[in-house]
2 protein chains.
Amino acid sequence: MGIAERREREKERRRNEIIDAAEKVFFAKGLANATMDDVAEEAELSKGTLYLYFKNKEELYLAINRRGLEILEKMFIDAAAQAQSGLEKVYAIGQSYFRFQNQYSDYFNAMIYYESHQIDFSEDNSCAMACDQQGEKTLRVLVEAIESGIKDGTIRPDVEPMKTALVLWGQSTGIMQICSLKGVHIEEEHNINPDDIIDLSFDLIKRALQNSKDKK
Amino acid sequence: MGIAERREREKERRRNEIIDAAEKVFFAKGLANATMDDVAEEAELSKGTLYLYFKNKEELYLAINRRGLEILEKMFIDAAAQAQSGLEKVYAIGQSYFRFQNQYSDYFNAMIYYESHQIDFSEDNSCAMACDQQGEKTLRVLVEAIESGIKDGTIRPDVEPMKTALVLWGQSTGIMQICSLKGVHIEEEHNINPDDIIDLSFDLIKRALQNSKDKK
DNA sequence: TTAATATACTGACTTTCAGTCATTTATTAT
DNA sequence: ATAATAAATGACTGAAAGTCAGTATATTAA
């Protein structure tokens, strides 16, 4: 009897429909200004039903963030595949992160939320845990790029891949967070193009990682 | 008649008392879990009075952040004064930022809030504007350290001080944000000490900035 | 076919809290 | 003393997250 299975599928579909609706509403109004009633209306469901599928507003928002992290992972994989050397892979991943921030700015905002709040990664916050896992997967692409760079000699052999990946992730996120939120302000105040800041950031990282003993 | 002046002084004192109370409450409970009624009680004032002194809850929190940025500026100045070369000054400023994050973690959390939210820097958000100005002052210490490094030859002459300062600020904030919020989690999951991540981050920055043509 | 059971959904209700404002209290000027 | 001004109050309002007793729909058993 496939009834239980069908029910499971329908439940999953409904769950995704709710996330779709939540994206529309949260992306249009911003998390703080959007209400669960707004989402319920967009999803053509009652508010109570939302809470059957998601523990609370934050969990729903984290479900959106998970989708963003999945997109980002794919972009990282593509970027790494395109590049030749390990160092170039790392650089290409950085560039793809930058593209993500531009093309999927709403998902990027969800990521800023995720990265700048104390999230409780416990059993009953399934979306938080899913974000954590997807984040690990996404980061692993960068770790592997660094490892390949050490192997092919383009990256200094004395860096620890995991630690370094965490540093690059944190640094890049920090830079793009500033440019995303305060970019206009920086432009007005200092006549500096935020994109230049991001370029410079990646340039500094490249210099810091490259193996000076690499034979060209 | 010094009555108006005395009134002004008393107003300023009361304002500071409110910020003191807000620090106690917000630092103990966190911004989201603290209420304006809590602050009012701690300040031994009615809630209405708080709104005579601060436009809203966010502005009050930003008043706290301004204090944090003032402390940070002093720490930057001290750090830079202690170091010899420009490059060392930059490194020392980074270290002092790290110390700030440890010693004043509550102020640092206020900074995370400030850096990760879309703040409206308009006329009638005086605390937001004050944060912006104080932020500029604090950043200027770093800009000057970079300039002195270019002058004394320890930092590559081809970096633009303001742009570079913004990059270092964003990168360092990003790293410390992660370590502050997800540090325990990183430690558990990867057996990596968050402090090592921060060390590595500063090491990479140093390598990226140093002038290879510097005669020792 | 119908009754019993299980599952999915609803929306009115509760609670909490930011922000307001008519009123009161305190201070200064006449 | 009294009027005028400034400072402070706290009950009230509106908004929104989250709950839950009740309704509707689908499935199974008799």
Side-chain angles (χ1 to χ4, degrees), chain A residues 1-22 25-26 28-64 113 117 119-120 124-128, chain B residues 1-22 25-26 28-64 113 117 119-120 124-128:
Chain A
M1 44 127 149
I3 284 169
E5 284 77 4
R6 197 203 66 214
R7 276 228 153 107
E8 209 48 49
R9 273 202 314 279
E10 280 173 354
K11 225 171 172 178
E12 189 58 28
R13 191 164 47 78
R14 169 106 333 155
R15 206 186 108 98
N16 278 311
E17 283 166 6
I18 292 173
I19 303 175
D20 291 341
V25 172
F26 290 156
K29 294 190 165 189
L31 178 66
N33 295 319
T35 72
M36 290 299 270
D37 283 300
D38 291 338
V39 176
E41 192 179 354
E42 178 68 39
E44 293 174 328
L45 288 168
S46 75
K47 180 158 62 155
T49 303
L50 302 187
Y51 284 92
L52 293 175
Y53 287 84
F54 296 92
K55 195 189 168 198
N56 51 37
K57 193 183 181 187
E58 184 180 62
E59 275 279 289
L60 180 51
Y61 196 52
L62 291 180
I64 294 173
Y113 177 90
H117 287 80
I119 307 287
D120 177 21
D124 44 84
N125 292 333
S126 61
C127 296
Chain B
M1 42 125 153
I3 283 169
E5 283 78 6
R6 197 203 66 215
R7 275 230 153 107
E8 208 48 50
R9 271 201 315 279
E10 279 174 354
K11 226 172 170 175
E12 188 58 28
R13 189 164 50 78
R14 169 111 326 160
R15 206 186 107 96
N16 278 311
E17 283 167 5
I18 292 173
I19 304 175
D20 291 342
V25 172
F26 290 157
K29 295 190 164 190
L31 179 65
N33 296 317
T35 71
M36 289 300 269
D37 282 299
D38 291 337
V39 176
E41 192 179 353
E42 178 68 39
E44 293 175 326
L45 288 167
S46 75
K47 181 158 62 157
T49 305
L50 301 187
Y51 285 90
L52 294 174
Y53 288 83
F54 296 93
K55 194 189 169 199
N56 52 36
K57 195 183 180 187
E58 185 180 60
E59 276 278 291
L60 179 51
Y61 197 53
L62 291 180
I64 295 173
Y113 177 89
H117 287 77
I119 307 286
D120 177 22
D124 45 83
N125 290 334
S126 61
C127 296

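Below, chain A is the first sequence line, B the second, and so on; all start at residue 1.
Rounded to whole Å, the distance from NZ on B:Lys57 to C1' on C:dT20 is 17 Å. A straight line from CD of A:Glu8 to P of C:dT7 spans 12 Å, rounded to a whole angstrom. Atom-to-atom, CD of B:Glu44 to P of D:dA8 comes out at 14 Å; the value is rounded to the nearest Å.
In this model, the phosphate group of D:dT9 is approached by a side-chain N or O of B:Ser46 to a distance below 4.0 Å at OP1 or OP2. In this structure, B:Tyr51 does not reach the C:dC21 phosphate: none of its side-chain N or O atoms is under 4.0 Å from OP1 or OP2. Contact annotation: B:Arg14 reaches the phosphate of D:dA8 (side-chain N/O to OP1 or OP2, under 4.0 Å).
The 5' end of DNA chain D is approached more closely, in terms of each residue's nearest nucleotide, by A:Met36 than by the other of A:Met36 and A:Thr49. Closest-nucleotide positions on DNA chain D for A:Gly48 and A:Ala32 were compared, and the one nearer the 5' end corresponds to A:Ala32.
Of the candidates C:dG19, D:dA17, C:dC9, C:dC9 carries the atom nearest the A:Leu52 side chain, counting heavy atoms from C-beta on. Which of D:dA26, C:dA18, D:dG10 sits closest to the side chain of A:Arg6 comes down to D:dA26.
Heavy atoms of A:Ala40 sit nowhere under 4.0 angstrom from any nucleic acid atom. Residue contacts shown for A:Phe54 are absent, as no nucleic acid heavy atom lies under 4.0 Å away. Backbone-only contact: A:Leu45 has heavy atoms under 4.0 Å from sugar-phosphate atoms and none from a base.
Between the CG atom of A:Asn33 and the CZ atom of A:Phe26 there is a distance of 11.0 Å, given to the nearest 0.5 Å.
With a 6.0 Å radius and a threshold of 12 heavy atoms from other residues, nucleotides or ligands, A:Glu44 has its CD atom at or below the threshold. The 12-atom threshold is exceeded at NZ of B:Lys55, counting heavy atoms of other residues, nucleotides or ligands nearer than 6.0 Å.
Comment: A:Arg14 does not engage A:Glu10 in a salt bridge, judged by the lack of any side-chain N to carboxylate O separation of less than 4.0 angstrom.
Residue-to-nucleotide contacts include no donor-acceptor pair under 3.5 Å from the side chain of B:Lys11 to the base of D:dA7.
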